[in-house]
Amino acid sequence: LQPLGGAAGLMCFSLLCVCRGEVPPKPTGVVTIVPPIKPDNGPQAYPEAEKANLPVFTMNYPRIQIPFEITLWMLLASFAKIGFHVYHKITIWVPESCLLISIGLIVGAIMHSVHEEPPAVLTSNVFFLYMLPPIVLWFAVVGTLWNSVGIGMSLFAICQIEAFGVQDINLQENLLFASIISAVDPVAVLNVFEDVNVNEQLYIVVFGECLFNDAVTVVLYNMFSFVAEMPVVEPVDVFLGVARFFVVGLGGMGFGILFGFVAAFTTRFTSKVREIEPLFIFMYSYLAYLVAELFSISSIMAIVTCALTMKYYVEENVSQRSCTTIRHVVKMLGAISETLIFFFLGVVTITTEHEWNWGYILFTLLFAFVWRGLGVLVLTQIINPFRTIPFNLKDQFGLAYGGLRGAISFALAFTLPDNIGRKQLFVTATIAIILFTVFLQGISIRPLIEFINVRRTNRNLGTINVEIHCRLMEHTIAGIEDLCGQWSHFYWKDKFMKFNNRILRRILIRDSRAESSIVALYKKLELQNAMEILDTVSGDISAAPSIVSLYEEKKSSAKPKKKFLAADLRNMHDILSKNMYKIRQRTVAYTNKHALPNDSQTKEILIRRHASIRRSLRPGSFQSTMVPKSHKYFSLPPGQSLDLKFPPGRLSYTDDHETLSEVAYPTRRSRSSRPARSSSRAMMPLRRLDTLTEAPSVDAVGDGGRTDHGVSRTDSSYSDSHAAPRRHINSSDDQDSGSVDNLRNNHHEAQEEEEQPSSSSPVWAAEPRDGTTRNPLLRRPQWNPKKK
Amino acid sequence: MGSSSSSTERIPDAQELMQETGFSAAHLVRLYERFEFLDKDDRGELRLDDFEAVSELAMNPIGDRIIGAFFSPGRETVDFPSFVRILAHFRPTDTNRTRNGRNGAQPEPANSRTSKLKFAFQLYDQDRDGKVSREELLQVLRMMLEMQVTEEQLQSIAERAIQEADLDRDDAISFDEFKKSLEKVDIEHKMSVRFLE
């Protein structure tokens, strides 16, 4: 549900196609916009006299022409996209948009030479209604306003200069033009920022701006075009214009929020109809858009706010699959749009008639730069005091330089009404500026940013120590903040959050304790973990003593100090900065607009935590105080594997959480509670040795008397020789001692080493099972309960 | 912010807690609300699963350790005073207090630089022996680094870290060494949660 950044894509496409029809006559060949054409293999194709035989094989191209050509164009553009990534190195230096435009230029040239026209496929209405909605865009309102007004004014000033011959452009038209070209589209910039790992603040601002920008521009554009058509502008009109701007903008947002809430409310009840959940989302967004169009308020704002509102509430209600589906579809549509628009930009550049005016165009470029730079400067000065991490100059430069123009400008330029005298000039100027920024700035921004060394995340803070500790502290703070929940200093925000939590969430969200996928994964891992504990692979455990002894060695030996070269240090810093887990980013959920959100990092963290939990459950896991006397394990006969034959129900721990509770504070808890879930050895191998008879259950799971049981068992039943098996059997023996004997003897044989005679053998846990016959004996290693 | 001391009435020992931790009444109330929110079964204390219900903590590489820090040795639950006392470590340092100096009788405030460092130190030092051994450092490193780092690289990094910090050559980092290695770092900012001010 994340709004798609970047290209206006299909909107532009649509507008483009609209204007195709309006552009001064071109060589025909254009497939004109028509409502469904009657197939012309009708009667007139045949001379009347002849009897029409039933055609066995017919071709009816016009019938499918429109969708067919659209599809072909999309495919072509997509192939181009595939092509770029085949040679990966290109995409590092040259932004995709450049490549697409270039391909478009080539194709356009081809078409131009054969006097073909790009398909003007559908009416504007159709496109607006069908194609625009997938594109959801955001804005930096003020920035755009600033740019528009600034550029407009300056251009107007320039126009007064006679030398350029553009005096006939009046203020309104200038403003209109300015609003067109202030729409920033930093698609390429975002990719570069990501690769270069600029600090999150900068990234977020650029990201947000590119989203907001387009909507505001369109609003402005509509406003200005309305104004531009009026011969005389009075102050009243200006005032009204401003008022309309607010109505349009805020109205759009209002509608969006309204629809968002309705959607959230609906999804509260969709737990039984999961398959159509994505449909609800899309339909509601679409509705928001249409209704906004109905009232002539900013449909783009409507859809953006709708999406945002929905994201917050709906994401908790819909199933994981629906979420994924929605994301996939949105990303796909966004990718298509973007591809197409740049592609067409290239094509159209060649095929339109241009009107070039050096003065105007050059000054446009100049002013675009100047005003953007100024705008960034001024805006950051204003907001810096309110920010904890102020933007420094380098950030600002990145921000300013990242102001590439793109698709929206392109589209808007084409839809300028014809009564603007200098329309061609505007179009040309727009194309010029787009090409200039995309190619020049797009390609050069990466080296520049690396050069000026925009403050990155986690710069080398000196020593390795410091880097590690700082990251630890950052993680800690993130964790504590998460624990504390959302707070702020701001009264109204807090009030809203309280309102939100108490009322809104109750109404709109199905289960206010809804689980995220991560929590679900977590629980699943926990369960798996618990199961695996009971079936731990022998290799690990029998190796444990040796690992521990190694560790002891390490401690005592005086290792010669290793020398580290500067190169080593650099490597280390590199490794650390690249491989340390990043702090959870609260604000930018999907840092790459092209990729789907990647929670593999989170999953990795979870899985590792579980692995380490398991490790720490093993006796003697690297605790020097832990004397691993108690674990002598029976190794698996080679080649055996432990499959999980135990149904989960066996894990009759009182609750899963206790598994974790012990682990979380491994050292300080009394060991006595450990035995219950310590790594026990499955008796799988025993089963395979045919001497086994199924003995009634010994369960590794100690339910009730875990703690005391364990202690007493240890005390009473340890012996330090394996040759005295019987003592190992617990008092509450339900077992068939015969079989136990057998087992033990077999184990004797299977035993690999007799390491520490002082180490006591594992104790047979002989607690009655739940009655189901399972693998006869589960041996649990007991280690000396260390009470701290 | 409208919350007067009357709302702290629900909180047992509110005054002492405020004294001890330095939290204002408003913050204490908020923390209490948060405590109640986390305490899903209304037991008046938090268990491990309550902490784990905070899904973001599960995603934190050192989430386990952070949670563990809340539980006093041997206890399985966290009551409100303990909760608040730990969080007090993360209150931003009041600069005036330190300037005025402290008379010797006053205990180290929970949010002083030393206390914050101590908290961080204890995240490493799980066995509470006052030293961060190589192994403990390695454990934390492993948690914080992605899987692509080889064991060898890890060992080198840990080795280097200890070399840098270990002044008395005991192959472990004591608290003082830890403090010294971080002397240039602005701990007060790094280890403070803004909104607890």
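A donor and an acceptor atom, one from each side chain of Arg160(B) and Gln155(B), are nowhere located under 3.5 Å apart.
Highest contact tally toward chain A, considering only Ile187(B), Ile66(B), Leu38(B), is held by Ile66(B) [criterion: heavy-atom pairs under 4.5 Å]. Each of Thr476(A), Ile468(A), Asn465(A) has some count of heavy-atom pairs under 4.5 Å with chain B, and the biggest count is that of Asn465(A). Counting heavy-atom pairs closer than 4.5 Å to chain A, the top residue among Phe178(B), Phe37(B), Tyr124(B), Phe35(B) is Tyr124(B). Among the candidates Ile173(B), Leu137(B), Val149(B), the residue making the largest number of heavy-atom pairs closer than 4.5 Å to chain A is Val149(B).
By the salt bridge (Lys or Arg N to Asp or Glu O under 4.0 Å) test, Lys179(B) is found to be paired with no residue, residues two or more places apart in sequence or in another chain being considered.
Using cut-offs of 30° and 60° for the angle between ring planes, the His89(B) and Phe119(B) rings count as tilted. The aromatic rings of Phe83(B) and Phe51(B) sit tilted, their planes meeting at an angle between 30° and 60°.
Ile86(B) does not touch chain A: none of its heavy atoms, backbone or side chain, sits under 4.5 Å away. With a 4.5 Å cut-off on non-hydrogen atoms, Ile157(B) touches chain A through its backbone and its side chain both.
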Residues Asn111(B), Glu188(B); criterion side-chain contact (heavy atoms from CB on, under 4.5 Å); working and verdict: CA-CA 8 Å; Asn111(B) 64 338; Glu188(B) 285 87 347; over 6 Å; no
